[in-house]
Amino acid sequence: SSNDVAPCPVDALDSAMGSTEVVLWYQLAGKAAETLENMVAEYNASQSKVRVRAELQGASYDELLNAYEQAIPSGQLPDILVAEDTATQFLIDSGTVLPAQACFDADGVSTDDFVPAAVNHYSVDGVLWPGTVSVSDLLTYYNANHLRRAGLDPSDPPQTLDEVRTVAEAIKAAGVTDTPVVLLMDSWLVETQLTGSKQPLVDNDTGHGAGETIAATFATETTRTVFDWIDSMTDAGLLLAVPATPGNRNHYFAMGAQNASITIETSVASTTIEEVLGGGEVEGAPGPDEIDRSGLDIEAVPVFGVDAAGKAQIGGNGFWITTAGNDAERAGAWDLIKWWNEEPQQVHWLVEVSYLPFLSAAADFPEIRTFCDTTLAGGFLRTAYEEFTTGVDPAFTGALIGPYDEFRRSMRDALASVAFQGGDPAEAIAKAKDETDRTLTRYVDSDF
């Protein structure tokens, strides 16, 4: 229970001399990185007790976590780490982070004001670990114009794997695009289907139990259906698979160049997609002159699934307070996080970066309502928020896995072997399961 949580020195700034420096490590690119840096500057300007210095670490969450792990022995850690949700168990096991629950308790701040599914997702045994979280989920993005040209109803997009295939066949037959579906071969393709169907990825109550997590449980019929579908869609020339390498946005660009009609991507892509459509300069994207916007009519709907749409798993990141600093530095980290959880910052983070808000009341803020009513990205995010609040079971938000990054690597390799090397789906899944079993056993044996 939260009674056993180590205390959080929330009042330490009161007696601190001068300005306390707080170092924050993050991994975000483009607009998100720019917005985070701007918000940190705004916080610094709003008071004189704390000075936060944001430092970019790596091009992916894997690189960020790797840098953090390598810094643990020397203790040269930041005061705040903005890490992906999948790092939860690893960070707790590392003994280098303070449960934010202690700060909420010490400061008399209730966690009831925040979205229950998000609080649950980042809580272990009733203790919330990061102090604020940025939520995302997956959406199906499609070009309504392409459905129209293929004689299909654009207001009735595909919701299941079978329906995606039927729509793709019609689009291809009509000569609209050669490979109507474009998909990043990332682990979350499979994870969201399993979590949305309440199927655990690992044993020990999907990692949340009291025992040890030592076996993968994802070799299921659902996983096999996804892999078989990718295999047959690729063979039929209906699916363009894109390698899941850091920063690869070729699936966005295939949609922008109208070489594809349907994709799956995180809700965080909403503002970027709107910028591409509006002729904005987006890093790595075809230039504004190279895109024919007249044929682009992108819509977003709940993510398609094996047997239904909208089965979701929470993604995103959390802001973790580390144990590296002194009391004043921890109090300074908490002060920034409290500020981040306030209404103006929650609005800013959603409108600028497309992260769904942690604060429950944010969905009703006038500025957010207007944004959702009047902009393309806002409309996408309203869909994402509805999916998040209806498609995610607060009691089953995803797995807790210490070596989550290694599990994901095995799953990506399995998807790649089927999509790019013509590998057998059943063998690919079995190999990923064996690798994950070994990874889990090694993690338990090494005691972190």
Distance-only, no hydrogens or angles: does the [X] side chain make a donor-acceptor pair with backbone N or O of [Y] under 3.5 Å?
X: Glu63; Y: Ala59; answer: yes
X: Gln27; Y: Leu56; answer: no
X: Thr266; Y: Ala269; answer: no
X: Thr223; Y: Ala219; answer: no
X: Gln346; Y: Leu359; answer: yes
X: Thr160; Y: Glu163; answer: yes
X: Thr375; Y: Gly378; answer: yes
X: Ser60; Y: Pro246; answer: no
X: Gln89; Y: Gly402; answer: no
X: Thr192; Y: Leu189; answer: no

Indicate yes or no: does [X] engage [Y] in a salt bridge with an N to O separation below 4.0 Å.
X: Arg442; Y: Glu406; value: yes
X: Arg409; Y: Asp413; value: no
X: Arg369; Y: Asp373; value: no
X: Asp62; Y: Arg408; value: no
X: Lys198; Y: Asp393; value: yes
X: Glu427; Y: Lys431; value: no
X: Glu342; Y: Lys338; value: no

Mind running side chain to side chain contact (heavy atoms under 4.5 Å, CB included) on Asp93 and Phe90 for me, showing each step along the way? CA-CA 5 Å; Asp93 292 341; Phe90 165 79; 5.8 Å; no

Name the residue from Asn317, Thr86, Asp85 that meets the side chain to side chain donor-acceptor pair (under 3.5 Å) definition with Tyr61.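 Of Asn317, Thr86, Asp85, side chain to side chain donor-acceptor pair (under 3.5 Å) with Tyr61 is met by Asn317 alone.
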
Would you give the length of the straight line joining atom [atom1] of [X] to atom [atom2] of [Y], rounded to the nearest 0.5 angstrom?
X: Ile214; Y: Tyr443; atom1: CD1; atom2: OH; value: 15.0 Å
X: Thr179; Y: Leu239; atom1: OG1; atom2: CG; value: 8.0 Å
X: Asp405; Y: Asn66; atom1: CG; atom2: CG; value: 8.5 Å
X: Glu274; Y: Leu376; atom1: CD; atom2: CG; value: 5.0 Å
X: Thr132; Y: Trp334; atom1: OG1; atom2: CH2; value: 9.0 Å
X: Ile80; Y: Trp340; atom1: CD1; atom2: CH2; value: 9.0 Å

Does a side-chain heavy-atom distance below 4.5 Å link [X] with [Y]?
X: Ile92; Y: Thr88; value: yes
X: Leu238; Y: Lys172; value: yes
X: Val181; Y: Met233; value: yes
X: Tyr404; Y: Leu400; value: no
X: Lys31; Y: Glu352; value: yes
X: Ile321; Y: Cys103; value: yes
X: Asp434; Y: Arg438; value: yes
X: Tyr43; Y: Val52; value: yes

Assess whether side chain to side chain contact (heavy atoms under 4.5 Å, CB included) is satisfied between Leu24 and Asp79, documenting all intermediate values. CA-CA 6 Å; Leu24 176 148; Asp79 300 295; over 6 Å; no

Of the non-hydrogen atoms in [X] and [Y], which two are nearest, and what is the gap between them?
X: Asn143; Y: Gly295; answer: ND2-O, 3.2 Å
X: Pro200; Y: Phe396; answer: N-CZ, 3.8 Å
X: Asp137; Y: Ala384; answer: OD2-O, 2.7 Å
X: Asn341; Y: Gly131; answer: ND2-O, 3.0 Å
X: Tyr385; Y: Ser360; answer: OH-O, 4.0 Å
X: Ser417; Y: Ala428; answer: OG-CB, 3.5 Å

Compute whether any side-chain donor of one residue and acceptor of the other, for [X] and [Y], lie under 3.5 angstrom apart.
X: Thr96; Y: Tyr68; answer: yes
X: Thr222; Y: Gln199; answer: yes
X: Gln313; Y: Glu191; answer: yes
X: Ser155; Y: Asp153; answer: yes
X: Ser267; Y: Ser270; answer: no

Begin with the C-alpha distance, continue with both residues' side-chain angles, and end with the deciding distance and a verdict on side chain to side chain contact (heavy atoms under 4.5 Å, CB included) for Ile264 and Trp188. CA-CA 10 Å; Ile264 288 178; Trp188 41 248; 3.8 Å; yes

I want to know whether Phe319 and Tyr26 have ring centres closer than 6.0 Å.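 When the ring centroids of Phe319 and Tyr26 are compared, they turn out to be at least 6.0 Å apart.
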
Is the centre of the Phe380 ring less than 6.0 Å from the centre of the Tyr141 ring?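 Ring-ring flag for Phe380/Tyr141: true, centres closer than 6.0 Å.
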
If you apply the rule ring-ring contact (aromatic ring centres under 6.0 Å, His included), what do you find for Tyr122 with Trp129, and how did you get there? CA-CA 6 Å; Tyr122 288 94; Trp129 283 81; over 10 Å; no

Would you mind telling me which of Ile262, Leu296, Thr177, Val167 makes a side-chain contact (heavy atoms from CB on, under 4.5 Å) with His146?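 Considering Ile262, Leu296, Thr177, Val167, a side-chain contact (heavy atoms from CB on, under 4.5 Å) with His146 is found only for Thr177.
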
Under 6.0 Å from the CD atom of Gln421, do we count more than 12 heavy atoms belonging to anything else shown?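 Enclosed: over 12 neighbouring heavy atoms sit under 6.0 Å from CD of Gln421.
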
Which of parallel (below 30°), tilted (30 to 60°) and perpendicular (above 60°) describes Phe218 and Phe407?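 It falls in the tilted class, 30° to 60°.
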
